[in-house]
Structures are given as structure tokens and as C-alpha cells.
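Input: a single structure, listed below in C-alpha cells.
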Amino acid sequence: MGSPFGLVGAILRSAHRVATRLFAQGDGRIVDRTVDRVQLARTVLGAAATIALILAYNVDPNRWKDAAYGGAAQLIVAPFVLIIAAPLVIIGFIYYAPPHLRGHLRSRLRAPLKAVGWYVLTLVVMGGVLVPTALTVNADDGKSWWEYALAVASLIVIVWGFPFFFMASLYSARSAFNSAQVHPMLPPVLTLTLVWVFAAFSLIGDGMPGGPPIVQFCSTLGGPLSVTAVSLWEMRRMRTRFGVTLRA
């Protein structure tokens, strides 16, 4: 704790502990190590395929920076897409369930709603501190006590709040705002929705990538199709190994 590295580590551990408590609750989630390993392998292979395609068919030196920014942007945007799209998916999911189970599923929406509330509150607090600080605090004039208070609060947001927000975004996207507490199959269903929304945004925003048609097809649809395959396989394992189905 006495060294700068120890202080940074303590800050990151504190932010990580709070983020996991709020956005990575394990109740309702089925732990399947085989699925976790396949998901990790798919992610690694997807990253390797992206790098290979950039090296082979795109010599733009800014491509690496664009890919990094795009990955970070997707991480930050994913919770917002979930906040917009997840209610429609969950309504359809509950409507598809048998009538005698719909009330039970609705009663379990509290956990996802709390996670969304915490995420929105995080954004409101960060914006409520940083925006007034940027608009009112001037380093060239004398500061009143409230300007000093805003400066201290902004420092806390930057040092602790930004790592917490990054981890909250990561865990919110990973757990789909703790939606497994409603039904274990909701996270893979929401993952399917999320990946195809991002694929559509990427196609509309950036167009087709470079290379021959087969490479364009693999680059555009390889990621969504592989995620879809893994998610459907995960739901099949839930049904065959754990007896979990969409109708029960």
C-alpha cells in the first residue's frame, strides 16, 4: 500500500470487488466449465482471425488503432444496447413461457432491474460530477470551497470511478445485467441479440471489409455466426445436461 503500484492495485481491487457484487451475481447461472473454455477459445480464434485478415487484406496503418477503438467502443456501448434491446427480448421470452410460469419469471426481474439501476446511477453520478467541474472550475482564478469539493470529487471519479465503470460495463455485458436470475437461458439469448445488433451496426457504419467475396463474408458474418453457434450449443447443453428448457 505504501508504493504507487500497491495503491493502484488496491484501487483496482476495490473497484473490481464492487463491480462483481453489483453486476456479476452468480445466482441462477449454470456453471459449465466446458462452455467457458469453448467461449474463450472462440474469442481467441476470433481475435487471431481478425489480425490475420488485417495483415492479409488491409494495409491501412490506422486499421490497428481503429480495431482497438472499435473493441473498446463495443464494450462501452454493449450495456446501452442491452438496456434498449433486453426489455423486448425478455418480454418475448416471458410470453413464450407457459402461462403458469410467467408470474414466476416476472417476479425474478428484480435482479436485472437493480443492475440496470446501478449502472444508470453510475453514469448519472459520473456525469453529475465531471460536467459541473469542467464548466465551473477554473485553475486561473481563486477557488471557493465548493470548487475544491468538485475538484476532489472529480479526482475520485477519475481514479476510482473510471476503472469501476469499465469493469461494470464488462460484467454487465457478460452477465446481461444478471439476467440468469430470471432464467438460465436468458444470457445466451441476449448474447445472440447483442452480437447481431453489433454486426448490423458495423455493416452500416463501415461497410464490407476488403478482400475477395469469401473473405468479406467470413469477416462480416464469421463472428456473429460463431457466437450464435456457441450460444445455441450452450442452450442445448443446459437442456440435455441440466434439464433446463425455455418452457420450464
Side-chain angles (χ1 to χ4, degrees), residues 23-24 29-90 92-93 119 165-180 184-239 246:
F23 302 103
R29 181 177 180 268
I30 294 176
V31 178
D32 191 333
R33 299 303 180 190
T34 301
V35 172
D36 292 340
R37 286 193 290 268
V38 171
Q39 289 175 339
L40 177 61
R42 194 222 65 84
T43 301
V44 173
L45 291 175
T50 300
I51 293 173
L53 290 173
I54 292 175
L55 291 175
Y57 297 104
N58 197 320
V59 295
D60 184 358
N62 295 323
R63 182 62 178 173
W64 297 107
K65 182 173 68 175
D66 293 342
Y69 286 160
Q74 284 192 2
L75 173 64
I76 300 300
V77 172
F80 296 96
V81 176
L82 281 173
I83 290 174
I84 296 172
L88 299 177
V89 176
I90 292 175
F93 192 95
Y119 193 83
F165 177 68
F166 177 83
M167 295 176 190
S169 299
L170 176 64
Y171 287 125
S172 296
R174 177 72 175 83
S175 68
F177 289 109
N178 299 322
S179 59
M185 283 190 173
L186 257 181
V189 171
L190 289 172
T191 299
L192 289 175
T193 304
L194 188 65
V195 72
W196 284 106
V197 168
F198 276 130
F201 284 167
S202 177
L203 186 61
I204 294 172
D206 301 330
M208 296 294 290
I214 185 63
V215 173
Q216 292 180 334
F217 175 82
C218 293
S219 179
T220 303
L221 298 179
L225 288 175
S226 61
V227 171
T228 299
V230 172
S231 296
L232 293 176
W233 174 69
E234 179 184 1
M235 289 189 285
R236 182 179 182 276
R237 283 180 64 88
M238 287 184 187
R239 184 176 65 254
L246 287 172

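- Contact check for Trp233 versus Val35: side-chain heavy atoms found under the 4.5 Å cut-off.
- Legend: residues meeting side-chain hydrogen bond (donor to acceptor under 3.5 Å, both in side chains) with Arg42, ordered by chain and number and at least two apart, are Ser226.
- Take Phe166 and apply the side chain to side chain contact (heavy atoms under 4.5 Å, CB included) test, not counting sequence neighbours, and it matches Leu75.
- Rounding to the nearest 0.5 angstrom, the gap separating the CZ atom in Phe80 from the OG atom in Ser169 is 6.5 Å.
- Within the structure, salt bridge (Lys or Arg N to Asp or Glu O under 4.0 Å) contacts touching residues 165-177 (residues at least two apart or in different chains) are Asp36-Arg174.
- Rounded to the nearest 0.5 Å, atoms CZ (Phe177) and CD1 (Ile90) are 10.5 Å apart.
- For Arg239, the salt bridge (Lys or Arg N to Asp or Glu O under 4.0 Å) criterion is met by no residue, not counting sequence neighbours.
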Residues 184-199, side-chain donor-acceptor partners within the protein, below 3.5 Å, at least two apart:
unit_1	atom_1	unit_2	atom_2	d
Thr191	OG1	Pro187	O	2.8
Thr193	OG1	Val189	O	3.2
Trp196	NE1	Thr228	OG1	2.9

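- Under the 4.5 Å side-chain criterion, counting only non-hydrogen atoms from C-beta, Asp32 is not in contact with Glu234.
- Rounding to the nearest 0.5 Å places OH of Tyr119 at 6.0 Å from OG of Ser172.
- Partners of Ser175 under the side chain to side chain contact (heavy atoms under 4.5 Å, CB included) rule, at least two apart in sequence or in another chain, are Asn178.
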